[in-house]
Amino acid sequence: MFLASRNFCCRGIQLRTDLLSRSIKHSTSATMPFRHKNTRRIEGLDSNVWVEFTKVAADPSIVNLGQGLPDISPPSYVKEELAKVAAVDRLNQYTRGFGHPSLVKALSQVYEKVCGRKIDPLTDILVTVGAYGSLFSTIQALIEEGDEVIIIEPFYDCYEPMVKMAGAKPVFIPLRCINDGNSASSADWVLDPAELANKFNSKTKAIILNTPHNPIGKVFTLEELQVIADLCIKHDTLCISDEVYEWLVYKGNKHIKIATLPGMWERTVTIGSAGKTYSVTGWKLGWSIGPEHLIKHLQVVHQNTLYTCPTPLQEALAQAFWVDYKRMDHPDCYFYSLSRELESKRDRMAQLLKGAGLKPVIPDGGYFMIVDVSTLNVDLSDVDEKQPYDYKFVKWMIASKKLSAIPLSAFCGLETKKQFERYIRFCFIKKDSTLDAAEVILKNWNKQTG
Amino acid sequence: MLRRAGPSLRHFLLERNSSAGHSSYSREAKMSRPVQARRLEGIDKNIWVEFVKLAATYSKVNLGQGFPDFPAPDFLREALTRTLSGGNHMLHQYTRAFGHPPLVKVLAQFFEKLLGRDLDPMTNVMVTVGAYQALFCCFQALVDEGDEVIIIEPFFDCYEPMVKMAGGTPVFVPLRPNPPKDGKLMSSADWQLDPAELASKFSERTKAIVLNSPNNPLGKVFSRGELELIAELCVKHDVLCISDEVYEWLVFDGKQHTRIASLQGMWERTVIIGSAGKTFSATGWKVGWVVGPDRLLQHLRTVHQNSVYHCATIAQEAVAQGFQRELMLYGKPESYFVQLPKELQQKRDWLVQSLDGVGMKPIIPEGTYFLVADISPFKSDVPDDPNSDEPYDSRFAKWMVKNKGLAAIPLSAFYSEAHKNNYTNFIRFCFAKEEATLKAASDILQKWKQEKTSS
């Protein structure tokens, strides 16, 4: 049904000339020609990898390591704060549009500590509906027709349609594997500095950076960030820094905020997420932090799109932040304890995959792991679809192995899809029983292949 | 308004050492353009930012911004508590992007009854972050550059900037007051569209008309006849209808809220917008929805999936439970949809009396929890200022909150720039307030009147 409506939408342009040639007088019938198609800004943006794959994986018999959502419980104090808030009357009504006062205050304190600079809670912060909402507000506020926006591949899939919806042109640059395709770690994937420099020109309005990176799990080093920063400064370009996985960084790695590099605060909007910080993706709260002269434009977008975010969730989040702010120098802080918990899940996941003959790329951060499946030599040439190999592989794996993942080509621009179609992405922020179930499937993998 | 640029980034680089060999050409090109996108032009001002701040600073009694100061109903708060203590921690994770299944299911069931037609919860309903985001999705999905959108004045202020942000051209048509001859207080029903004037606003470029019934700020509940007039024009000109019905349950004196989508030829061209905030007196939850034909909603889904994608799961779960309760109690006296308008009607009558008693002439609203009053008898306190650009009622409202501690919103806030000075003697009060609040407002007004008569 969804497929049919998508076709209707895309053929709309051809149909239009037929419809216009008829004059519309009085009509009450549903067969009357209907001239109302989608607006230009959303042309071609209707399909979405998640709509396709979350439906398939919703079957409870499938071990779901696809979509990035935790099946572990959020920390109990976070849930308790929300329960407490539910009892307070005035918290059921509108709060301040740009962010609930106690939340922006808490955010400013936490990030002042991290960034080592003063952050004004009222002018330097905007609370949004998830980091997704922050990306949207930032792009709508600062990007328009005529602009180019550099996107590093593979990329979190919404960057491209959001840039297009703003009327701008995405310019892609791939991370390239240094070991001749033999990648064992996310650190093997790097940008070619000369190639990157070539992507910048007078039309380049912004570059979108995602560190720690989804899907590869790369944590950009100081040197790598400096290369990007130098180019931003040289070309007077903005940086949209998606740092939702900022706390999920594993041993031997450090998350560095590009906004803290010289010359970068004034041109960077840094995005964070409650969903990823506290394992509460369903709270849909995120934030943009940056200099007033940029954030004020995001605030204008916000006041003309949804105006306020839910009050009770913001209050509960603020309280949770105070708990962890007070112990930010202590290993018990959830920001660090979650990371430790995930590191052992990461290691377990990697072992299971290796045991099945797969080649995982061990991530330095985030909670995703990409895996080269070409080593399995699963022949899907008889599958009659025009889809890339990884799409076919994942669908086959869901159907025959009852295990789901996400195809990596969903995270690439058109020209790079071929490069990445041997990879699929697994999410490992899953409880032990889920990983146990995955283990069973992976251990039995070779027994059933045929 | 001049396209006033935000400072270009270059200004902030003057003190910095930049890398050698930069292209001065690229800097020139950047410098000449403001950092923000053109779509923000003319939409940066917002009345609420200013008036909410004033109310927070000065008001002792806040009848300004539209939110209840009484609690949300117990059953809703219990639904939230139940959900949280239920032990299903997956409710803290993403749900279905276009709407949490239990919520879209019960909304479909509800609206099937109200519209008398079958609805598919997956394709005829979508959940949004408040009705505000529903409006945004409508304009972004359906209004292109060059499209005209008819807006009836006075209007909820966000319609105009949202149309502009979508590149559309707002075309305004006013409700005109026809005061009753017998000197009685006006009703919101006395504010009407002139049919010929309305018809003249439709052109080949008209993409949509925004209807808000019950209407904020006047409280007008469009009659069936008035809606039929609008419907005929929509069908004749093949125009869409964005129907903001957030106050659909707040209708007084036994009046009926008629849904324009139920009129002939209208279902296929109408998007109906609703709000849990207004329905359940919980504005801070920001749960709204759209109901409409798939061929329109599919485009709203595209905007939604590229802007916020998901709405908060827990809030949706609790609202779903609230609706399930109302579905069972539909039409019965214990139904919140029966009780709330009854309570609000009493509050309306109370405020009407208070205002009338001091000489402010309220326009009796047929619905919503707002009423507009003529402040002419009190004008002498705030002299005219020929040097001021600001509409009189705005200056009056600011003076009133600062000097009398009573917050209200000037009616000019709900008019386009060109028409802000058409009705400068009216201010809007919100009466979704506890008795104590309304009494305190009455005390302020009484005292004020006494000061005037004794001076």
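We name chains A, B, ... by the order of the sequence lines, and we start the count at 1 in each one.
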Under 4.5 Å to a heavy atom of chain B? For Leu298(A) that would be neither

Max heavy-atom pairs within cutoff under 4.5 Å with chain A, candidates Ala141(B), Gly130(B), Pro161(B), goes to Ala141(B)

Between Asn306(B) and Met165(A), the two heavy atoms sitting closest are CB-SD, 4.1 Å

Hey, which of Thr95(B), Ile43(B), Thr81(B) has the most heavy atom pairs under 4.5 Å with chain A?
Ile43(B)

Between Thr308(A) and Lys286(B) the two heavy atoms that sit nearest each other are O-CE, 3.0 Å

When you measure from the side chain of Gln36(B) to the backbone of Ala141(A), do you find a donor-acceptor pair of N or O atoms at a distance under 3.5 Å?
no

Residue part contacting chain B, namely of Thr95(A), when any heavy atom lies under 4.5 Å:
neither

Measure from the side-chain N and O atoms of Gln93(A) to the backbone N and O of Thr283(B), and report whether any donor-acceptor pair falls under 3.5 Å.
yes

Report which part of Arg40(A) has an atom under 4.5 Å of a heavy atom belonging to chain B: side chain, backbone, both, or neither.
both

So for Ile143(A), is it side chain, backbone, both, or neither that comes closer than 4.5 Å to the heavy atoms of chain B?
backbone

So which of Ser281(B), Ala72(B), Ala56(B), Ala318(B) has the biggest tally of heavy-atom pairs under 4.5 Å with chain A?
Ser281(B)

Taking the side chain from Arg39(B) and the backbone from Glu144(A), do they hold a donor-acceptor pair closer than 3.5 Å?
no

Does Thr39(A) reach the main-chain N or O of Gln140(B) with its side chain, forming a donor-acceptor pair under 3.5 Å?
yes

Which one wins on heavy-atom pair count under 4.5 Å against chain A: Thr83(B), Thr128(B), Thr302(B)?
Thr302(B)

Parallel, tilted or perpendicular, as decided by the 30° and 60° cut-offs, for the rings of Tyr132(B) and Tyr307(A)
perpendicular

Looking at Met162(A) and Ser307(B), what are the two nearest heavy atoms and their distance?
CE-O, 4.1 Å

Select one option (side chain, backbone, both, neither) describing which atoms of Gln140(A) are under 4.5 Å from chain B's heavy atoms.
both

I'd like to know if Arg77(B) and Asp89(A) make a salt bridge, using a cut-off of under 4.0 Å between side-chain N and carboxylate O.
yes

So for atom CD, which belongs to Glu434(B), do other residues, nucleotides or ligands contribute more than 12 heavy atoms lying within a distance under 6.0 Å?
yes

For Ile72(A), is it the side chain, the backbone, both, or neither that has a heavy atom closer than 4.5 Å to a heavy atom of chain B?
backbone

Within the structure provided, determine whether Val35(B) and Leu238(A) are in side-chain contact (heavy-atom separation under 4.5 Å).
yes

Pick from Ala97(B), Cys158(B), Ala166(B) with the largest number of heavy-atom pairs that fall under 4.5 Å of chain A:
Ala166(B)

Interchain contact, Ala131(A) with chain B, by part (heavy-atom threshold 4.5 Å)
neither

Of Ala87(A), Ser279(A), Gly130(A), Cys309(A), the largest count of non-hydrogen pairs under 4.5 angstrom with chain B goes to Ser279(A)

Measure up the Phe67(B) and Tyr94(A) rings against each other and bin them: parallel (under 30°), tilted (30 to 60°), perpendicular (over 60°).
perpendicular

Looking at Leu240(B), Leu76(B), Thr313(B), which has the largest count of heavy-atom pairs under 4.5 Å with chain A?
Leu240(B)

Within a strict 4.5 Å, meaning less than it, do heavy atoms of the Tyr309(B) and Cys158(A) side chains meet?
no

